Participant: 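A single structure is presented below for examination.
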Amino acid sequence: CWRKSSNSGQMIDSLHGAQLPKGSWSIPWIGESFTLYNQGPYQFYSQHIARYGRTFRTHLMGIPTIVTSTPEAAKFVLATRQKLFLVFLPPSISRLLSVYPASQDAMKETAIKTIRDSLHSELVRNKVAKVDRIARWVLSSWDKQPCVITYQETKKFAFHVALDAITGMAPSPETMKMMDDFSYINKGMGTSMQFNIPGTSYHMALKKRQQVLESFSCMVKKRRSEKSNEKCTLDFLMETEDENGEKLPDDQLQSQLLGLTFGGFDTSAAFFMWLLKLLGENQQILQQVKAEQDTIRMGKISPEDPLSWTDIVNMPYSSTVIQETLRLASVVPFLTRQATEDVIYEGVRIPKGWLVQVCLQNFHVSPEYHKEPLKFDPSRFQAPVKPAGFMPFGNGAKMCPGRELVKIEALVFLHYLVTTYSWENIGSKTRMNYWPSPTVKGGLPIKVSKLREDAA
Ligand code: HEM
């Protein structure tokens with residue numbers, strides 16, 4: 001039970017004396033969801049933080065919410081006291097992804113552990129050759145296009161790498177059709193009107209979700225009937241058993257594949273788009289990346305020789321560029337949890353059932369944690385001490401299982417990009433789309449020129 005303090009106007013928990021942070025409920029029930037949707041996370045959170053401080057209250061998705069934007073609070077919610085906070089997805093999104101975070105059944109836990117094991121750093125190292133083939137395939141057509149829409153192409157790359165790692169499927173007309181279906185799911189997720197009404201993007205997304213599940217069903221049957229030397233995540237999932245010796249039922253298997261492919265698709269594609277944008281705008285840094293990648297290419301006997309894990313390890317400067325892009329782009333700007341019981345953190349009481357939104361993006365670009373935070377400066381990652389306030393893949397038990405794979409993807413893509421092409425960013429550089437991932441409006445069109453005829 002909350003009352004207003006007569007002095008400060010703040011909400012005080014009359015039972016425990018702990019305070020609710022300052023903030024605004026805005027319109028009852030609707031709260032500030034539409035403001036967040038329209039303004040995008042960066043503007044919404046920055047304005048609220050300037051007004052109310054680094055921890056504030058609001059009302060999102062019909063639920064009272066506490067937003068916090070310090071790395072310490074992020075660690076508290078995501079790692080140290082993670083058992084007190086469940087992952088929260090709006091029901092409309094859970095339905096699209098067939099993910100129901102509130103149900104914590106043992107089989108689901110076993111499945112996610114299996115997924116993590118299958119994407120473990122030791123195993124993903126073996127995927128360099130396949131990522132290499134997909135990067136060359138995507139980049140090979142760029143000079144034949146008058147204008148390359150970067151985000152469309154990076155989607156093609158990210159989708160096929162994820163699909164290959166997860167199901168062992170190489171690019172084909174069938175996988176292109178699946179990617180198209182996934183794009184509709186993304187579109188449904190990025191709309192503010194998530195009602196299942198014919199003619200809406202959300203309705204279409206639900207239809208496409210069904211088609212994707214059917215495609216996964218066919219893939220599972222095919223994979224069961226054939227033997228492959230190289231194990232993918234699906235093989236691990238098909239073998240996995242819970243403590244009673246029960247295997248994952250097919251419908252759950254398909255749902256896991258859908259959630260996992262989604263996880264590896266749009267965020268990664270948006271991230272690669274930012275990599276091109278930031279490098280295109282910072283020519284000096286691009287030249288240093290190019291020098292590193294040219295040295296690796298020149299060490300190859302034939303231009304057709306693929307990259308190896310040893311090459312990946314020999315890309316220290318490019319790796320700092322990847323980290324700096326992850327910081328500045330913050331393609332996952334915030335994470336949402338729901339408190340399973342009353343929690344007090346630094347004098348703030350988070351009541352059971354409330355949402356807690358951990359705003360990663362804000363501390364990624366805050367001068368409190370990074371010198372000249374808006375400057376693209378990979379050298380900050382050359383220091384022996386990792387900068388505080390850097391959590392692009394989250395923290396704690398839910399930390400992204402795809403993080404090693406995505407770094408390999410980025411380095412391989414970067415290698416073929418800078419050794420094959422020079423490019424110029426054209427079109428809008430500042431107008432943004434925010435949902436489902438932050439990207440530049442228009443998908444960052446670029447004009448490319450080939451550097452050598454034998455490249456890629
Ligand atoms: C730049 C690219 C990526 C970024 C920034 C990113 C970021 C994240 C973050 C922040 C989380 C934590 C979510 C939470 O705590 O609620 C997460 C979870 C997850 N990510 Fe990624 N991710 C990326 C790429 C990938 C890739 C390539 C895959 C798979 C191939 C993947 C699969 C997943 C999955 C399955 C989860 C959920 C884990 C769980 O429920 O325990 N991600 N990702």
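FYI, side chains are in, hydrogens and waters are out, and symmetry mates aren't considered; it's all heavy atoms of this structure. Ligands are counted one by one from 1 in listed order, and the atoms in each one are counted from 1 as well. As the structure is a prediction and not an experimental result, all values here were calculated from the model.
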Participant: Classify the ring geometry of W435 against Y37: parallel below 30°, tilted from 30° to 60°, perpendicular beyond 60°.
Facilitator: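 It falls in the parallel class, under 30°.
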
Participant: If we set the cut-off at 4.0 Å for heavy atoms, which region of R337 has an atom near ligand 1: side chain, backbone, both, or neither?
Facilitator: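 It is the side chain that touches ligand 1; the backbone stays farther off.
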
Participant: State yes or no: are the ring centers of Y151 and F272 separated by less than 6.0 Å?
Facilitator: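 No: the rings miss the under 6.0 Å criterion.
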
Participant: Would you confirm whether the ring centroid of Y45 sits within less than 6.0 angstrom of the ring centroid of F334?
Facilitator: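 Here the rings of Y45 and F334 have centres that are less than 6.0 Å from each other.
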
Participant: Is a salt bridge present between E324 and R327, judged by a nitrogen-to-oxygen distance below 4.0 Å?
Facilitator: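 Yes, charged N to carboxylate O under 4.0 Å.
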
Participant: What's within reach of atom 21 (Fe) of ligand 1, meaning protein N/O/S atoms under 2.8 Å?
Facilitator: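 Within the sphere that stays under 2.8 Å of atom 21 (Fe) of ligand 1, the protein atoms of type N, O or S are C400 SG.
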
Participant: Is K113 paired with E109 through a side-chain N to carboxylate O contact shorter than 4.0 Å?
Facilitator: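 No.
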
Participant: Does ligand 1 have an atom that lies less than 4.0 angstrom from a heavy atom of R116?
Facilitator: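 Distance cut 4.0 Å: R116 passes for ligand 1.
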
Participant: Around K441, counting heavy atoms of other residues, nucleotides and ligands shown, do more than 12 lie under 6.0 Å from its NZ?
Facilitator: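 Yes - once you tally the heavy atoms of other residues, nucleotides and ligands closer than 6.0 Å, there are more than 12.
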
Participant: Measuring centre to centre across the rings, with the benzene-like ring taken for any Trp, is F262 within less than 6.0 Å of F182?
Facilitator: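 No, ring centres 6.0 Å or more apart.
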
Participant: For ligand 1, is A165 a contact, meaning one of its heavy atoms is under 4.0 Å away?
Facilitator: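 No, that is not the case, since the closest heavy atom of the residue is not under 4.0 Å from the ligand.
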
Participant: Which residue supplies the protein heavy atom nearest to atom 35 (C) of ligand 1, what is that atom called, and how far is it?
Facilitator: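 Nearest protein contact, heavy atoms only, for atom 35 (C) of ligand 1 is L260 CD1, 3.5 Å.
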
